[in-house]
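First the proteins, then the strands, lettered A, B, ... as listed; each starts at 1.
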There are 2 protein chains.
Amino acid sequence: MNPATQGQSKRTAFLLSQLGAVASSRFAERTREIGLTPSDAGVIRLLARSPGLSQRSVAEKLGIVPSRVVPLIDSLQGRGLVNRVRSSSDRRNYELHLTDAGERVLHELRGIAEQHEAELLAPLTGDQAAQLGFLLAQLAAGHGLDRDLHRGSVSQQS
Amino acid sequence: MNPATQGQSKRTAFLLSQLGAVASSRFAERTREIGLTPSDAGVIRLLARSPGLSQRSVAEKLGIVPSRVVPLIDSLQGRGLVNRVRSSSDRRNYELHLTDAGERVLHELRGIAEQHEAELLAPLTGDQAAQLGFLLAQLAAGHGLDRDLHRGSVSQQS
DNA sequence: CAGAATAATTCTGTAGGTGAACCATTTTGT
DNA sequence: ACAAAATGGTTCACCTACAGAATTATTCTG
């Protein structure tokens with residue numbers, strides 16, 4: 001191990017969790033300014049990529065419980081960002097779609113994510129930021145993280 | 001920017017927050033096995049380093065509100081891990097100390113932190129882990145993070 | 001076609017957190 | 001010296017996010 005990097009060993013996990021919390025809460029601040037919770041943002045991004053998903057699928061992809069999805073979509077629908085359409089093939093489930101207003105919010109969200117990223121990585125040089133991105137991606141892959149999932153525990157056994 | 005690292009740009013903030021959540025929740029799992037919440041663990045580590053702190057100071061150092069400290073210490077005291085001693089110089093405040101049992105739990109906690117760190121960084125080589133530690137420390141410094149503080153927002157203005 | 005399974009929903013409960021109000025003690029200004 | 005302000009700890013009412021069980025409507029299956 002490079003001697004210059006010794007000494008902060010054993011704190012990396014804590015730093016990761018600390019910085020993760022900062023990243024999350026700063027992002028939450030930014031989304032709150034356009035009236036969204038981070039969960040709202042997650043649903044919108046998911047529906048942008050996979051239109052027509054059922055609430056069940058949304059719950060699964062996002063790693064939340066189906067009963068949580070109900071008030072989430074209620075609120076999004078109430079603000080005219082998401083539509084519930086009864087599936088014609090299976091009238092039990094809905095097909096969820098972004099409305100035009102939802103698409104516009106999605107664009108705002110992308111701007112926010114870009115600003116957020118820039119602010120967060122500001123203390124690093126471009127090369128360092130790239131390195132960090134690489135290392136985190138490798139960590140995420142090693143722990144089997146999905147790109148939609150944003151929760152603490154990953155698949156508890158049995 | 002190194003071409004090999006392009007393409008994951010703009011996801012680093014998300015990865016950070018995602019991995020931070022994983023780190024936090026895995027740590028919570030481990031502490032729960034010895035009957036502690038992460039907050040408990042934070043208080044214990046703090047009191048180990050700064051014995052005799054008042055509840056006010058604990059609140060400040062940990063970035064939580066004083067009224068939150070009360071049930072936290074209550075519970076720790078109830079399990080015989082922490083002692084409240086009335087300060088003789090100022091009988092309004094307590095001096096908080098770890099008991100012997102508290103010291104023993106502190107040792108367990110250190111073992112847990114070590115295991116946790118190892119598990120979390122397992123997907124990386126030693127050099128990569130060191131690099132990551134360096135980059136995260138730099139980020140933390142750049143954002144003015146304290147080593148005790150573990151919360152989302154850092155000092156809101158006014 | 002009765003019964004099992006599935007999607008969505010409702011309801012109840014819990015964990016963790018905030019801020020205001022309150023009491024005891026100490027400090028400060030005149 | 002002592003009334004008023006400040007400080008440490010506590011209690012209380014409240015809020016948000018979340019989980020899990022029970023419920024309803026619909027579809028699938030033997």
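The distance from the CG atom of A:Leu15 to the CG atom of B:Leu145 is 8.0 Å, given to the nearest 0.5 Å. Summarising the geometry, atom OG belonging to B:Ser54 is positioned 9.5 Å from atom CG belonging to B:Asp90; distances are rounded to the nearest 0.5 Å. Rounding to the nearest 0.5 Å gives a distance of 11.5 Å between CG of A:Leu19 and CG of B:Leu19. The OG atom of A:Ser57 sits 10.0 Å away from atom CD of A:Gln55, with the distance rounded to the nearest 0.5 Å. The NE2 atom of B:His107 sits 9.5 Å away from atom CZ of B:Arg104, with the distance rounded to the nearest 0.5 Å. A distance of 10.5 Å separates NE2 of B:His143 from CD of B:Gln138, quoted to the nearest 0.5 Å.
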Which side-chain N or O atoms in residues 60-72 of chain A pair as donor and acceptor under 3.5 Å with protein atoms at least two apart or in another chain?
none

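Whole-Å rounding puts the A:Arg84 CZ to C:dA7 P distance at 15 Å. Remark: P of C:dA8 and CG of A:Leu96 are 7 Å apart, rounded to the nearest angstrom. Here the P atom of nucleotide C:dA8 and the CD atom of A:Glu60 are 11 Å apart, to the nearest Å. Taking atom CZ of A:Arg56 as the reference point, atom C1' of D:dT26 lies 13 Å away to the nearest angstrom. Separating the CZ atom of B:Arg86 from the C1' atom of D:dG8 is a distance of 8 Å, rounded to the nearest angstrom. Following rounding to the nearest Å, A:Arg32 (CZ) and D:dT16 (P) show an atom-to-atom distance of 13 Å. As rounded to whole Å, 12 Å separates atom P of D:dT26 from atom CG of A:Asn93. Atom CD of B:Gln55 is separated from atom P of D:dT11 by 10 Å (rounded to the nearest Å).
With C:dG17, C:dA7, C:dT9 as the candidates, the nucleotide lying closest to the side chain of A:Tyr94 is C:dT9.
Closest non-hydrogen pair, B:Ala113 versus B:Phe27, comes out as CA-CE1, 4.5 Å.
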A:Leu106 and A:Leu81: side-chain contact (heavy atoms from CB on, under 4.5 Å), yes or no, with the steps?
CA-CA 10 Å; A:Leu106 173 67; A:Leu81 304 179; over 6 Å; no

A:Asp40 and A:Arg32: salt bridge (Lys or Arg N to Asp or Glu O under 4.0 Å), yes or no, with the steps?
CA-CA 10 Å; A:Asp40 289 339; A:Arg32 197 180 51 239; over 6 Å; no

Report the C-alpha distance between B:Leu109 and B:Ile34 in whole Å, list the side-chain angles of each, state the deciding distance to 0.1 Å, and finish with yes or no for side-chain contact (heavy atoms from CB on, under 4.5 Å).
CA-CA 9 Å; B:Leu109 224 38; B:Ile34 60 169; 3.9 Å; yes

Give the intermediate values and the outcome of side-chain contact (heavy atoms from CB on, under 4.5 Å) for residues A:Leu96 and A:Asn83.
CA-CA 6 Å; A:Leu96 301 172; A:Asn83 262 343; over 6 Å; no

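One hydrophobic cluster, built from ILVMFWY side chains closer than 4.5 Å, cannot hold both B:Leu16 and A:Phe14; they sit in different ones.
Counting heavy atoms from C-beta on, the side chains of B:Leu36 and B:Ile44 come closer than 4.5 Å. Side-chain contact between B:Arg84 and B:Asp74 is present, with heavy atoms from C-beta onward closer than 4.5 Å. Looking at B:Leu53 and B:Glu95, their side chains never come closer than 4.5 Å, going by heavy atoms from C-beta outward.
Summary for the helix from C:dC1-D:dG30 to C:dT30-D:dA1: the axes at its two ends, each from 5 pairs, differ by 10° when rounded to the nearest 10 degrees.
Within residues 33-45 of chain A, no residue has any heavy atom under 4.0 Å from DNA chain C. If you check residues 71-78 of chain A against DNA chain C, you find no residue with a heavy atom closer than 4.0 Å.
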At a cut-off of 3.5 Å, list every protein nitrogen or oxygen paired with a nitrogen or oxygen from nucleotides 24-28 of chain C, distance to 0.1 Å.
from   : atom 1 : to      : atom 2 : distance (Å)
C:dT26 : OP1    : B:Arg91 : N      : 2.9

Restricting to nitrogen or oxygen on both sides, can you table the protein-nucleotides 19-22 of chain C pairs closer than 3.5 Å?
from   : atom 1 : to      : atom 2 : distance (Å)
C:dG19 : O6     : B:Ser67 : OG     : 3.3

